[in-house]
Amino acid sequence: MINKSVIFCTLCVMIWAATSGCLMAQDRPKESVYKEPVTAMWINTYGNIRISNHLFWIAQTHFRTEEKDGTPFAGQIAQIYNRHALSYLFSKKFNVSLGGVLRVNWNTAKNTEGQKSTVPEWRIWHEYMFAMPFDRLMVYHRLRVEHRWTKGFNPDSEFIFRNRWRYMFKLKMPVGKPKLGSNTFYFSPEAELIMQSGGPVIDSPMEDLRLHASFGYIINPRLSVATGVMHSHGQDISDGTIYKQKWTMRFHVYFSPDLRKVKHKLPSIHTGD
């Protein structure tokens with residue numbers, strides 16, 4: 001014979017589950033919210049220093065600003081990146097990289113009273129770049145995984161850990177010439193999807209979707225410059241129904257010094273970005 005207390009407890013649990021589910025359904029927004037776009041500017045340097053026939057030292061620095069008080073794009077400092085890695089070139093079509101990142105984040109919120117102005121962010125990253133040469137263009141597939149430690153600006157904030165899963169598809173096409181080479185302008189559209197996972201990620205796995213188009217000039221095999229515009233949007237980590245948007249002006253300098261003997265030529269693969 002079933003105990004009456006067991007039946008009573010079971011009914012209580014069922015009622016609680018039903019009512020809490022209804023409350024959650026009522027509290028949950030019916031549609032996503034897109035924040036107003038923020039304007040930003042990135043000035044990036046990409047160094048690929050050739051150490052040996054197969055080994056590169058990657059040295060990248062990114063200086064980033066955001067709008068503030070009516071000043072678009074460059075009203076305040078937002079982040080400074082310092083990214084380094086060792087890269088192994090298996091062939092002209094494939095290379096693998098492993099390294100670390102120190103990023104300094106500035107507090108760009110409107111109300112920063114009682115908060116820190118800057119906090120560090122640490123990353124370990126590894127990357128797999130596939131290059132596909134065609135007669136008139138280059139196609140790139142990039143897989144990058146980042147293990148990321150971040151913290152907020154409150155004095156008592158602690159580091160949280162997340163993984164980032166990044167895939168980028170990119171084209172590089174000459175303008176006015178049949179092939180990519182010295183003294184050549186080029187056009188380069190790209191799309192990158194950045195997903196995230198980890199304990200703090202509840203309903204916001206899509207951190208960013210970046211659509212970027214740049215116009216550049218290859219001065220010689222060791223030096224190129226480019227500029228472009230990027231639109232990005234992604235979920236807020238604290239609420240997956242809120243999407244952030246950003247328009248970013250980007251300026252790039254690519255340099256590739258070769259520490260080997262001059263008789264050795266640089267490979268045709270572009271291992272930057």
Side-chain angles (χ1 to χ4, degrees), residues 42-64 79-105 120-133 137-150 161-172 180 188-198 201 205-214 216 221-222 224 226 228 230 232 234 248 250 252-259 266-273:
W42 295 1
I43 301 174
N44 309 324
T45 64
Y46 299 92
N48 297 292
I49 304 168
R50 190 73 177 268
I51 299 173
S52 67
N53 288 347
H54 292 279
L55 202 61
F56 282 84
W57 169 31
I58 296 177
Q60 301 178 0
T61 302
H62 298 181
F63 178 75
R64 300 181 176 182
Q79 300 98 25
I80 292 181
Y81 271 81
N82 195 19
R83 178 187 286 127
H84 293 267
L86 286 177
S87 182
Y88 188 83
L89 189 70
F90 286 89
S91 69
K92 293 183 178 182
K93 298 181 180 179
F94 179 63
N95 72 288
V96 174
S97 305
L98 173 64
V101 176
L102 169 59
R103 169 173 140 167
V104 180
N105 297 318
E121 177 179 325
W122 305 93
R123 299 179 188 178
I124 297 172
W125 65 288
H126 40 105
E127 178 179 288
Y128 311 88
M129 175 78 83
F130 301 84
M132 301 172 60
L137 57 86
M138 289 289 294
V139 177
Y140 300 95
H141 300 273
R142 187 184 74 187
L143 299 173
R144 179 182 291 178
V145 181
E146 296 175 334
H147 312 289
R148 183 184 188 189
W149 290 264
T150 63
F161 174 75
R162 285 173 288 164
N163 289 308
R164 300 176 95 203
W165 313 91
R166 305 175 58 168
Y167 169 71
M168 184 192 75
F169 176 78
K170 177 177 179 176
L171 302 177
K172 192 173 182 182
L180 294 167
S188 182
E190 67 180 58
E192 182 176 23
L193 176 62
I194 303 177
M195 306 294 288
Q196 62 179 340
S197 63
V201 182
M206 195 188 86
E207 183 175 348
D208 221 1
L209 174 62
R210 299 176 177 177
L211 304 175
H212 176 223
S214 62
R222 292 179 175 85
S224 300
M230 179 179 74
S232 60
T248 305
R250 296 179 60 174
H252 314 282
V253 176
Y254 305 96
F255 60 96
S256 304
D258 194 342
L259 302 183
L266 285 171
S268 59
I269 181 175
H270 173 60
T271 57
D273 284 355

Side chains of Tyr128 and His141: any donor to acceptor distance under 3.5 Å?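 No donor-acceptor contact under 3.5 Å links the two side chains.
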
At their closest point, which heavy atom of [X] faces which heavy atom of [Y], and how far apart are they?
{"X": "Ala85", "Y": "Trp57", "result": "O-CD1, 3.4 Å"}
{"X": "Leu171", "Y": "Ser188", "result": "O-OG, 2.7 Å"}
{"X": "Gln60", "Y": "Gly47", "result": "CG-N, 4.4 Å"}
{"X": "Leu89", "Y": "Phe56", "result": "CD2-CE1, 4.1 Å"}
{"X": "Ala59", "Y": "Phe255", "result": "O-CZ, 4.4 Å"}
{"X": "Lys172", "Y": "Leu180", "result": "O-CD1, 3.7 Å"}

side-chain contact (heavy atoms from CB on, under 4.5 Å) between Leu137 and Val139: does it pass, once the steps are laid out? CA-CA 7 Å; Leu137 57 86; Val139 177; 3.4 Å; yes

Would the distance check show the side chain of Trp122 and the main-chain N or O of His147 forming a donor-acceptor pair, the cut-off being under 3.5 Å?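 Side chain of Trp122 to backbone of His147, a donor-acceptor pair under 3.5 Å: no, none is there.
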
Just verifying a value: how many Å separate [X] [atom1] and [Y] [atom2], rounded to the nearest 0.5 Å?
{"X": "Glu127", "Y": "Leu143", "atom1": "CD", "atom2": "CG", "result": "9.0 Å"}
{"X": "Glu190", "Y": "His212", "atom1": "CD", "atom2": "NE2", "result": "5.5 Å"}
{"X": "Asn82", "Y": "Ile80", "atom1": "CG", "atom2": "CD1", "result": "9.5 Å"}
{"X": "Ser87", "Y": "Ile49", "atom1": "OG", "atom2": "CD1", "result": "12.0 Å"}
{"X": "Tyr81", "Y": "Asn105", "atom1": "OH", "atom2": "CG", "result": "7.5 Å"}
{"X": "Ser91", "Y": "His54", "atom1": "OG", "atom2": "NE2", "result": "9.5 Å"}

Please, which pairs that meet salt bridge (Lys or Arg N to Asp or Glu O under 4.0 Å) have at least one residue in residues 95-104, sequence neighbours excluded?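 Listed once each, the pairs are Arg103-Glu121.
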
Evaluate Met195 against Met206 for side-chain contact (heavy atoms from CB on, under 4.5 Å), listing each step before the verdict. CA-CA 5 Å; Met195 306 294 288; Met206 195 188 86; 4.0 Å; yes

Checking Ser214 now: which residues fulfil side-chain hydrogen bond (donor to acceptor under 3.5 Å, both in side chains) with it, not counting sequence neighbours?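 Result, side-chain hydrogen bond (donor to acceptor under 3.5 Å, both in side chains) vs Ser214: none returned.
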
Let me see the working for Arg210 and Arg166 under side-chain contact (heavy atoms from CB on, under 4.5 Å), right down to the final yes or no. CA-CA 11 Å; Arg210 299 176 177 177; Arg166 305 175 58 168; 3.5 Å; yes

Do the two ring centres, one from Tyr46 and one from His62, sit under 6.0 Å apart?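 Yes; His62 has its ring centre under 6.0 Å from that of Tyr46.
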
Suppose we call two aromatic rings close when their centres sit under 6.0 Å apart. Are Phe90 and Tyr88 close by that rule?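 Here the rings of Tyr88 and Phe90 have centres that are less than 6.0 Å from each other.
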
Would you check, one step at a time, whether the test side-chain contact (heavy atoms from CB on, under 4.5 Å) holds for Met230 with Glu192? CA-CA 11 Å; Met230 179 179 74; Glu192 182 176 23; over 6 Å; no

If we only count heavy atoms from C-beta on, is the [X] to [Y] side-chain gap below 4.5 Å?
{"X": "Ile58", "Y": "Asn48", "value": "yes"}
{"X": "Pro133", "Y": "Lys93", "value": "yes"}
{"X": "Trp125", "Y": "Ser97", "value": "yes"}

